[in-house]
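Here's the structure we're looking at; comments come further down.
Just so you know, residue 1 is the first one in the sequence shown, and it goes up from there. Indexing begins at 1, ligand by ligand and atom by atom, following the structure's order.
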Amino acid sequence: MSRIDELFAAAKVAREKAYAPYSQFQVGAALIAEDGSLHTGCNVENAAFPEGVCAEAGAISAMVLAGQQKISEVMVIADAALCTPCGGCRQKLNEFADKDVTIHIADLNGVRRSFRMDELLPAGFELEEKD
Ligand code: THU
């Protein structure tokens, strides 16, 4: 069962923590792992611009640190029409998410659209066959 309200609330809180002095574009991400645990991340920019880290990457790191390696649902939030994950983050999510995992994209008022993992990253690179 989807825990969409909980995901939205957690992503929104995470977004408030974003360190984005260069772009002024704050992003929050929240994900639920296979065991039901919730993990969040925010974007953390750097004066050397390419060294910035996306919110999704932060949430994935928190999940792995907590001992989980399978994503069951994701929420990304920003004050934008549709803040879908960047190409690199799609690949990062794909590492831990099956093709049918739902990735919700929200603005500050709620979910705008929801995608399947394989919609965001069709034919994603995989070393081994996944479900
Ligand atoms: N960003 C994310 O954290 N996640 C996304 O899905 C899109 C973009 C960040 C990267 C950068 O800090 C800022 O948003 C502007 O691109």
Side-chain angles (χ1 to χ4, degrees):
M1 206 186 76
S2 174
R3 288 158 61 189
I4 198 162
D5 294 340
E6 195 183 344
L7 272 170
F8 178 75
K12 201 168 184 181
V13 169
R15 178 184 167 276
E16 291 296 321
K17 301 272 176 32
Y19 176 74
Y22 306 106
S23 72
Q24 306 294 336
F25 188 76
Q26 296 179 294
V27 186
L31 59 84
I32 292 172
E34 195 179 27
D35 70 341
S37 57
L38 184 75
H39 307 278
T40 57
C42 61
N43 54 331
V44 180
E45 298 185 346
N46 193 279
F49 294 165
E51 299 304 327
V53 178
C54 289
E56 296 89 330
I60 290 169
S61 293
M63 176 192 77
V64 172
L65 185 61
Q68 294 300 303
Q69 299 189 351
K70 225 162 167 29
I71 294 172
S72 58
E73 198 170 354
V74 183
M75 178 78 63
V76 180
I77 182 172
D79 188 8
L82 200 64
C83 183
T84 48
C86 74
C89 283
R90 293 177 195 209
Q91 185 67 38
K92 289 184 178 80
L93 289 165
N94 193 60
E95 183 76 17
F96 300 103
D98 287 341
K99 296 182 195 311
D100 63 350
V101 163
T102 305
I103 296 147
H104 306 284
I105 309 299
D107 63 16
L108 302 189
N109 298 314
V111 172
R112 303 277 311 222
R113 274 183 70 178
S114 300
F115 298 88
R116 272 172 60 112
M117 183 69 243
D118 60 358
E119 251 184 296
L120 289 183
L121 189 67
F125 171 69
E126 289 173 5
L127 288 170
E128 288 168 19
E129 198 78 31
K130 291 210 301 179
D131 295 339

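Inter-residue side-chain proximity for Thr102 and Ser72 is flagged as unmet; no heavy-atom pair is nearer than 4.5 Å. Annotation: side chain of Val76 is in contact with side chain of Val27 (closest heavy-atom distance under 4.5 Å). Put simply, the side chain of Leu108 reaches to within 4.5 Å of the side chain of Arg15, judged on heavy atoms.
Checked by distance only, ligand 1 and Asn43 come closer than 3.5 Å through their nitrogen or oxygen atoms.
Salt bridge Asp107/Arg112: present, at least one basic N to carboxylate O contact under 4.0 Å.
Of the protein's non-hydrogen atoms, Cys54 SG, 4.0 Å is the one closest to atom 10 (C) of ligand 1. Closest to atom 3 (O) of ligand 1 among all protein heavy atoms lies Ala55 N, 2.9 Å.
Annotation for ligand 1: atoms under 4.0 Å from non-hydrogen atoms of Cys83 are 5 (C), 6 (O), 7 (C). With ligand atoms numbered from 1 in the order given, ligand 1 contributes 1 (N), 2 (C), 3 (O), 4 (N), 9 (C), 14 (O) to contacts under 4.0 Å with heavy atoms of Val27. Residue Ser23 has at least one heavy-atom neighbour below 4.0 Å for each of these atoms of ligand 1: 13 (C), 15 (C). Close approach of ligand 1 to Glu45 is summarised as follows: ligand atoms under 4.0 Å from at least one heavy atom of the residue are 11 (C), 12 (O), 13 (C). Close approach of ligand 1 to Thr84 (heavy-atom distance below 4.0 Å) involves ligand atoms 6 (O).
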What's the verdict on salt bridge (Lys or Arg N to Asp or Glu O under 4.0 Å) for Asp35 and Lys70, showing C-alpha distance, side-chain angles and the deciding distance? CA-CA 9 Å; Asp35 70 341; Lys70 225 162 167 29; over 6 Å; no
For a salt bridge (Lys or Arg N to Asp or Glu O under 4.0 Å) check, start with the C-alpha distance between Glu119 and Lys99, then their side-chain angles and the critical distance, and finish with the verdict. CA-CA 8 Å; Glu119 251 184 296; Lys99 296 182 195 311; over 6 Å; no
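Distance alone, capped at 3.5 Å, is enough to place a donor-acceptor pair between the Ser61 side chain and the Ala57 backbone.
Of the listed residues (Arg90, Met117, Arg116), just one forms a side chain to side chain contact (heavy atoms under 4.5 Å, CB included) with Ile103, and that residue is Met117.
Using 4.0 Å as the threshold, Val53 has no heavy atom nearer than that to any atom of ligand 1. Judged by the shortest distance from any of its heavy atoms, Pro85 lies inside the 4.0 Å radius around the atoms of ligand 1.
The presence of a protein heavy atom under 4.0 Å from atom 16 (O) of ligand 1 is ruled out.
In this comparison of Gln24, Gln26, Glu56, the heavy atom closest to atom 4 (N) of ligand 1 sits on Glu56.
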